> 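Structure incoming, see below.
What you are looking at is a predicted structure, and each value in this text was computed from that prediction instead of being measured.
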Amino acid sequence: GAPRLRTLIHGDAAGDGACDLGVIIVDGGGHNKTSLNSLYTTLQDLAPDKDNITVAAWIITHPHCDHYHGFFPFMEKYGDEVTVEKFFFNFPEWDDLTHYPKLEADGKVYAKWSGEEFVTGGEILRRFRQQVEGMGVPVYTPHTGQTYRVGEAKLQILSSMDDTIHCSQNINATSLMFAMELLFHML
């Protein structure tokens, strides 16, 4: 299909004092090279300093391949040029994967991109956690009702996997739903 650019939320981090949000990436897309390059170009365009690209937060709503697999090739290609300050995701643990049998199909998509013969969906989740945690930045597992700060923005978690894990086998139902308040405006 056509390349999809993930959602970017941008506040003026250039220093005019209006707000301090920076850039927040919501989801990471799939393995589309055009989309990944477009994300990097957009981050360059938004950065006050093109040699110091910073993402204030990267939020992954749920673990479908078209929402988080793009993280791997993006960080492989641009990881030395982009700093991510915080990660937010609430993914199933190994013992929860039985609730979401279709996640295993994501392994086929990942294997096709990575050139590996076979990878399970659970293994991809493990690799994602390992890579994110290995970056040495704060990693948050949001739960319904929690509130976080990203710059001057307030991120309120409206729903998380905890609310639906035993109610549905549809991984879309586990999506993080959030509201963001910035300068008295809800985004």
> Using 30° and 60° as the class limits, which term best fits the ring planes of Phe74 and Tyr40: parallel, tilted or perpendicular?
tilted
> Any side-chain heavy atom of Tyr148 sitting closer than 4.5 Å to one from Pro142?
yes
> So, do Arg129 and Glu93 sit near enough that their side-chain heavy atoms are less than 4.5 Å apart?
yes
> Any donor and acceptor pair, going by atom type alone, linking the side chain of Lys77 with main-chain N or O of Asn37 inside 3.5 Å?
no
> Can you check whether Val26 reaches Phe178 side chain to side chain, under 4.5 Å on heavy atoms?
yes
> Within the distance-only criterion (no hydrogens, no angle test), does the side chain of Thr147 pair as donor or acceptor with the backbone N or O of Gln156 below 3.5 angstrom?
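Checking the backbone N and O of Gln156 against the side chain of Thr147, no donor-acceptor pair under 3.5 Å is found.
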> According to salt bridge (charged side-chain N to carboxylate O under 4.0 Å, His left out), does anything in residues 42-58 pair up with another residue at least two apart or in another chain? List the pairs.
none
> Check for me whether the distance between the ring centres of Phe71 and Phe89 falls short of 6.0 Å.
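Not under 6.0 Å, so no.
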> Out of Val150, Thr61, Thr141, which one pairs with Phe88 under the side chain to side chain contact (heavy atoms under 4.5 Å, CB included) rule?
Val150
> List the atom of Ile171, the atom of Pro92, and the distance in Å for their closest heavy-atom pair.
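Closest approach of Ile171 to Pro92, heavy atoms only: CD1-CG, 4.1 Å.
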> Thr54 and side chain to side chain contact (heavy atoms under 4.5 Å, CB included): which single residue from Leu46, Val84, Thr83 fits?
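Exactly one pass, corresponding to Thr83.
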> Should the ring pair Tyr68 and Phe128 be called parallel, tilted or perpendicular, given that the plane angle runs from 0 to 90° and is split at 30 and 60?
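Perpendicular, since the angle between the ring planes exceeds 60°.
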> For a quick test of reading the model, state the closest non-hydrogen atom pair linking Leu158 to Thr144 and the distance between them.
O-CG2, 3.3 Å
> Please name the pair of heavy atoms, one in Ala47 and one in Ile53, separated by the smallest distance, quoted to 0.1 Å.
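Taking every non-hydrogen atom into account, CB-CG1, 4.1 Å.
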> Tell me whether the rings of His67 and His64 are parallel (<30°), tilted (30 to 60°) or perpendicular (>60°).
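Aromatic pair His67/His64 classed tilted.
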> Using a 3.5 Å distance criterion without hydrogens, assess whether the side chain of Trp58 forms a donor-acceptor pair with backbone atoms of Asp27.
yes
> Would you mind reporting whether Asn172 and His62 have side-chain heavy atoms less than 4.5 Å apart?
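Contact flag for His62/Asn172 side chains = yes.
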> Show the nearest heavy-atom pair for residues Gly28 and Ile60, with the distance to one decimal.
N-CD1, 4.1 Å
> Determine, using the 4.5 Å side-chain heavy-atom cutoff (strictly less than), whether Met177 and Phe87 are members of one ILVMFWY cluster.
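No, Met177 and Phe87 fall in different hydrophobic clusters.
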> Counting only heavy atoms not in Met135 (residues, nucleotides, ligands), do more than 12 fall under 6.0 Å from its CE?
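More than 12 heavy atoms, drawn from other residues, nucleotides or ligands, come within 6.0 Å of this atom.
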> Nearest 0.5 Å please: distance from the CG atom of Leu43 over to the CD1 atom of Ile25.
5.0 Å
> Using 0.5 Å steps for rounding, measure from the CD atom of Glu152 to the CD atom of Glu181.
11.5 Å
> For a 4.5 angstrom cut-off between non-hydrogen side-chain atoms, does Met180 reach Leu155?
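Counting from C-beta outward, Met180 and Leu155 do come under 4.5 Å.
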> Grab the two heavy atoms, one from Leu36 and one from Gly70, that are nearest each other, plus how far apart they are.
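Closest approach of Leu36 to Gly70: CD2-O, 3.5 Å.
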> With heavy-atom distances below 4.5 Å as the criterion, would you say the side chains of Phe91 and Thr174 are in contact?
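The answer is no, as the side chains (C-beta and beyond) never meet within the 4.5 Å cut-off.
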> Search all heavy atoms of Glu123 against all heavy atoms of Thr120 and return the closest pair with its distance.
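Heavy atoms only, the tightest pair is N-OG1, 2.9 Å.
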> Establish, from distance only, whether the side-chain atoms of Gln146 and Tyr140 form a donor-acceptor pair under 3.5 Å.
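The answer is no; no qualifying pair exists.
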